[in-house]
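Residues take their numbers from the sequence shown, with the count starting at 1.
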Amino acid sequence: PMILWFSGTGNSRYVAEMLAAELGQTLRRLTPDLRNGSLTPAPHDDTVIWVCPVYSWGLPPYVRTIIKNVDLGSAPLIHHLVLTCGDDCGLTADMWRNDLAKRGWQSGLAFSVTMPNNYVCMSGFDVDTAELAQHKLSAASLRIREIARSIADFRAGSGDCPNEPDDVVRGRFAWIKTRIIYPWFVRHAMSPKPFRYTRECISCGKCAAICPLRNINMSEPSGKSTDSSERRRKRPVWGTDCAFCLACYHVCPRHAVMYGDKTGTKGQYMNPQS
């Protein structure tokens, strides 16, 4: 199978890489050029595995745009989904199936893998404790192997395939979360405008380097300063093409990337294996 992945802080990348190792297949990152580009599967490929995080109980809008527009050729393919989520994923698998159906693509199995939380931009949301994060990561490796076996059995037509196509943690109030909260979140809570840097910024450029959409540029501040060395230091400037993965926030070695006034006391997380 061809494994297509999108990740910010590395959870989905880790899952994709482990699936590739288990299934002996290659990886393809979902890069911005695929939003209106083409991707030709290898002649022997009959399966596509999508690996991505859950955004507020739905698919990342960036991934939905790729599904809507990318050209995968005319060969018949079976599509599977592997979601990473901190707790539950609502009706994200249903959303994915509906998006695929609009393209005339055939969906297969859907799975979720519980991984450490990384959403910090609202009150009440923070990263997991170190102990909980390690527990989730330890359990994830076994879960990913189980998913790989299920996909391999599905391809082989084995009777060991899951009885239900969606092996996901939906959670409580799934319809409300996906049908009501998710649209509100996409419309009102994903703007890159609140991103800023603080005086602790050391101009290392790690935030710009990790941005999957190359939405951050390092530029000299335009404000007045009497310190010439300070004027020459480049600082991050966020554009409008943001996937809201929060990698820029979590990767900063000085905790100098902020999202408005919501993240000053929040923790940071990057997958240790990615």
Side-chain angles (χ1 to χ4, degrees), residues 4-9 11-12 15 30 35 50-70 79-105 107-128 132 136 162 164-195 212-213 215 238 240-250 258-263 266-267 269:
L4 306 178
W5 63 274
F6 168 69
S7 185
T9 60
N11 283 337
S12 293
V15 172
L30 294 175
R35 284 180 289 192
W50 298 82
V51 183
C52 69
V54 172
Y55 275 25
S56 187
W57 302 286
L59 284 175
Y62 171 69
V63 175
R64 299 190 77 185
T65 300
I66 291 178
I67 292 175
K68 180 180 178 180
N69 295 316
V70 69
H79 298 252
H80 302 303
L81 175 68
V82 182
L83 297 165
T84 59
C85 59
D87 298 292
D88 53 62
C89 57
L91 302 180
T92 304
D94 297 52
M95 179 184 296
W96 170 77
R97 292 185 187 282
N98 290 335
D99 286 355
L100 260 61
K102 293 175 183 177
R103 295 296 310 272
W105 294 346
S107 60
L109 308 175
F111 307 88
S112 64
V113 182
T114 302
M115 297 291 280
N117 281 303
N118 61 13
Y119 183 72
V120 295
C121 295
M122 287 185 181
S123 299
F125 291 85
D126 203 346
V127 300
D128 294 326
L132 179 55
K136 288 182 177 181
E164 296 293 333
D166 291 351
D167 182 6
V168 300
V169 179
R170 292 178 178 265
R172 300 179 63 191
F173 311 113
W175 190 93
I176 294 175
K177 289 175 177 177
T178 300
R179 304 304 185 199
I180 297 178
I181 297 178
Y182 172 82
W184 176 90
F185 180 84
V186 171
R187 183 173 298 126
H188 300 291
M190 286 186 61
S191 171
K193 291 182 179 180
F195 280 115
L213 272 62
N215 184 54
W238 284 262
T240 59
D241 188 20
C242 178
F244 210 68
C245 67
L246 304 185
C248 57
Y249 164 85
H250 289 286
M258 294 288 116
Y259 191 76
D261 60 356
K262 303 296 185 182
T263 57
K266 302 291 183 68
Y269 167 82

(message) Closer than 3.5 angstrom, by distance alone: can the side chain of Asn117 be matched with the main-chain N or O of Asp126 as a donor-acceptor pair?
(response) no

Closest heavy-atom pair, His80 versus Leu109, reported as atoms and distance to 0.1 Å, is ND1-N, 2.8 Å

Review point. Under a 4.5 Å cut-off applied to non-hydrogen side-chain atoms, are Tyr182 and Thr92 in contact?
Key: no

Q: Examine the side chains of Thr84 and Asn11 and answer whether a donor and an acceptor come within less than 3.5 Å of each other.
A: no

Applied to residues 57-70, the salt bridge (charged side-chain N to carboxylate O under 4.0 Å, His left out) test, sequence neighbours excluded, yields Arg64-Asp99

The reported gap from CD1 in Ile67 to CG in Leu100 (rounded to nearest 0.5 angstrom) is 5.5 Å

With side-chain contact (heavy atoms from CB on, under 4.5 Å) as the criterion, how do Trp50 and Ile66 come out once you've worked through the C-alpha distance, each side chain's angles and the decisive distance to 0.1 Å?
CA-CA 11 Å; Trp50 298 82; Ile66 291 178; 4.3 Å; yes

side-chain hydrogen bond (donor to acceptor under 3.5 Å, both in side chains) filter on His250, not counting sequence neighbours, yields none

Item to complete: Could you label the plane-to-plane angle of the Tyr119 and Phe244 rings as parallel, tilted or perpendicular, counting under 30° as parallel and over 60° as perpendicular?
Response: tilted

In short, Ala174 meets Gly90 closest at the heavy-atom pair CB-CA, 3.8 Å

Self-check item: Val82 vs Val113 side-chain heavy atoms within contact, under 4.5 Å
Solution: yes

Is the backbone N or O of Val169 less than 3.5 Å from a side-chain atom of Ser112, with the two atoms forming a donor-acceptor pair by type? yes

Problem set entry | Tyr55 side chain to Val186 backbone, donor-acceptor under 3.5 Å | no

Minimal heavy-atom distance between Ser123 and Lys262, with the atoms involved, is OG-NZ, 3.9 Å

In short, Ser7 meets Ser12 closest at the heavy-atom pair OG-N, 3.5 Å

All heavy atoms of Tyr259 vs all of Ala189, minimum pair found to be OH-O, 3.9 Å

So salt bridge (charged side-chain N to carboxylate O under 4.0 Å, His left out) across residues 85-98, not counting sequence neighbours, yields Asp88-Lys177, Asp94-Arg170, Arg97-Asp166

